[in-house]
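These numbers come from the heavy atoms of this one structure, side chains and all, not from hydrogens, waters or symmetry mates. What you see is a predicted model; the values in this text were computed from it and never measured.
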Amino acid sequence: MELKTVQAIAFSSMSAGIIPPEFIRSEKEQPAITTFHGYIPQVPTIDLSDPDEEKLTRLIVEASSEWGMFQIVNHGIPSDVISNLQKVGKEFFELPQEEKELYAKSPDSKSIQGYGSKLQKEVEGKKAWVDHLFHNIWPPPAIDYQFWPKKPPTYRAANEEYAKWLQGVADKLFGRLSLGLGLGEGTLKESVGGDELLYLLKINYYPPCPRPDLALGVVAHTDMSAITILIPNEVQGLQVFRDDHWFDVKYISNALVIHVGDQLEILSNGKYKAVLHRTTVNKEKTRMSWPVFLEPPSDQVVGPLPQLVNEENPAGYKTKKYSDYVYCKLNKIPQ
């Protein structure tokens, strides 16, 4: 199965200095026109090792309510665990095309897992300047190793080690966010599946683009997940929408970028805000990122938590199965 990858298009486009028209965004989306270049407010950075639990909870709640995004430092994941994850992901994308295609998802596949470039219904036929690899990394019953690359040989060990460390970070975030709603520490995690919560890894590969002023790596969107925990490489690209402007999110070495996703906004009945974000691309350098989407199992029913709904605060969101939510979102059907 021959895939039309962005990596291949990038290789043929660089010498000509042009990109195919399906990658050229409308003027209301083009980064050169829409990126704000004045004073840039900084996404909150939070020290997860802060011994003052009340202060830590307050900072996470404020960032999740006002920004829907924050960066965490001193999160406890060793730097070599992160660098190994990045190393094996980069090595996979540098393999010959035919080796990467061994992990391609078939066109009729209902699963999101696998290698490819098309993800959702594309508005006006426009395409994003990115290739990707998706696969679950936790819990063990959800893992399908046919989508885990066998090359490089250390790929599996690096991903399993990262998954092991990531669970402690996820549990701490869910706990603080639960307490911030006046609920028991375990309430939010239980509401998104408890021990069946899915950890879906996506590796984004954004090759150099001859016209970064016209293209986007990923278009403006909110994540479907409850929480997304993302590792970027050092190439600038992540942008957040705030105060009617697009702002660059500053890269911090070894920090994890946290996104509030749609399911957390729904469960909190709008107290926590899913962050609208996008990715720009670079003319000289390859950008990569490793988001892990913490998602409910497909048959998990998610809606505003009953404890947060009353006459003054009626439910602002529908209650539905997560699989139905995903179907509507990917096919651009109103929720």
Next on the checklist: Under the rule for salt bridge (Lys or Arg N to Asp or Glu O under 4.0 Å), what residues qualify as partners of K320, not counting sequence neighbours?
Outcome noted: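 Partners of K320 under the salt bridge (Lys or Arg N to Asp or Glu O under 4.0 Å) test: none.
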Checklist entry - What residues, two or more places apart in sequence or in another chain, satisfy salt bridge (Lys or Arg N to Asp or Glu O under 4.0 Å) together with E160? => result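 For E160, the residues satisfying salt bridge (Lys or Arg N to Asp or Glu O under 4.0 Å) (neighbours in sequence not counted) are R156.
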Whether [X] side chain and [Y] backbone form a donor-acceptor pair below 3.5 Å:
{"X": "N233", "Y": "M288", "result": "yes"}
{"X": "Q236", "Y": "V249", "result": "yes"}
{"X": "K100", "Y": "L95", "result": "yes"}
{"X": "N269", "Y": "P304", "result": "no"}
{"X": "Y103", "Y": "K150", "result": "yes"}
{"X": "S268", "Y": "E265", "result": "yes"}
{"X": "E91", "Y": "Q86", "result": "no"}
{"X": "D223", "Y": "V260", "result": "no"}
{"X": "H277", "Y": "H221", "result": "yes"}
{"X": "R287", "Y": "V235", "result": "yes"}

Is there side-chain contact between [X] and [Y], with heavy atoms separated by less than 4.5 Å?
{"X": "N84", "Y": "T154", "answer": "no"}
{"X": "L173", "Y": "I229", "answer": "yes"}
{"X": "N136", "Y": "Q113", "answer": "yes"}
{"X": "V61", "Y": "K271", "answer": "yes"}

Among side-chain atoms of [X] and [Y], is any donor-acceptor pair under 3.5 angstrom?
{"X": "K329", "Y": "T222", "value": "yes"}
{"X": "N204", "Y": "K202", "value": "yes"}
{"X": "Q239", "Y": "T279", "value": "no"}
{"X": "E101", "Y": "Y115", "value": "no"}

Next on the checklist: Distance check, rounded to the nearest 0.5 Å: T34 atom OG1 versus E29 atom CD?
Outcome noted: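 Answer for the OG1-CD pair, T34 versus E29, is 8.0 Å.
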Item to check | Pairs meeting criterion side-chain hydrogen bond (donor to acceptor under 3.5 Å, both in side chains) with involvement of residues 299-315, two or more places apart | outcome: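 Those involving residues 299-315 are N310-N313.
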Checklist entry - What pairs meet the side-chain hydrogen bond (donor to acceptor under 3.5 Å, both in side chains) rule with one or both residues in residues 60-78, with sequence neighbours excluded? => result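 Sorted pair list: D47-N74.
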Checklist entry - Mind checking what makes side-chain hydrogen bond (donor to acceptor under 3.5 Å, both in side chains) contact with D50, not counting sequence neighbours? => result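 D50: side-chain hydrogen bond (donor to acceptor under 3.5 Å, both in side chains) contacts with K55.
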Checklist entry - Relative to each other, are the rings of W246 and F241 parallel, tilted or perpendicular (30° and 60° limits)? => result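 Rings of W246 and F241: tilted, 30 to 60°.
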Can you name the closest pair of heavy atoms from [X] and [Y] and give their distance?
{"X": "D131", "Y": "S117", "answer": "OD1-CB, 3.3 Å"}
{"X": "Y206", "Y": "W129", "answer": "CD2-O, 3.4 Å"}
{"X": "A128", "Y": "V6", "answer": "O-CG2, 3.7 Å"}

Checklist entry - Does the salt bridge (Lys or Arg N to Asp or Glu O under 4.0 Å) test come out yes or no for K151 and E99, once each step is laid out? => result CA-CA 9 Å; K151 288 184 183 175; E99 294 201 40; 3.1 Å; yes
Which atom pairs, one a donor and one an acceptor, fall under 3.5 Å between side chains of residues 175-195 and the rest of the protein, sequence neighbours left out?
{"from": "R176", "atom 1": "NH1", "to": "E53", "atom 2": "OE1", "distance (Å)": "2.9"}
{"from": "R176", "atom 1": "NH1", "to": "T57", "atom 2": "OG1", "distance (Å)": "2.9"}
{"from": "R176", "atom 1": "NH2", "to": "E53", "atom 2": "OE1", "distance (Å)": "3.0"}
{"from": "R176", "atom 1": "NH2", "to": "E185", "atom 2": "OE2", "distance (Å)": "3.4"}
{"from": "S178", "atom 1": "OG", "to": "G184", "atom 2": "O", "distance (Å)": "3.2"}
{"from": "S178", "atom 1": "OG", "to": "L188", "atom 2": "N", "distance (Å)": "2.9"}
{"from": "T187", "atom 1": "OG1", "to": "G184", "atom 2": "N", "distance (Å)": "3.4"}
{"from": "T187", "atom 1": "OG1", "to": "G184", "atom 2": "O", "distance (Å)": "3.0"}
{"from": "K189", "atom 1": "NZ", "to": "D171", "atom 2": "OD1", "distance (Å)": "2.9"}
{"from": "S191", "atom 1": "OG", "to": "T187", "atom 2": "O", "distance (Å)": "2.8"}

Near [X] [atom1], under 6.0 Å, is it more than 12 heavy atoms from other residues, nucleotides or ligands?
{"X": "K273", "atom1": "NZ", "answer": "yes"}
{"X": "K172", "atom1": "NZ", "answer": "yes"}
{"X": "E98", "atom1": "CD", "answer": "yes"}

Item to check | CA sep, side-chain torsions, deciding dist, call: Y325, D262, side-chain hydrogen bond (donor to acceptor under 3.5 Å, both in side chains) | outcome: CA-CA 10 Å; Y325 187 91; D262 296 344; 2.8 Å; yes
Item to check | H135 vs F147, ring pair (Phe, Tyr, Trp, His ring centres under 6.0 Å): CA-CA, chis, key distance, verdict | outcome: CA-CA 6 Å; H135 60 73; F147 297 114; 8.5 Å; no
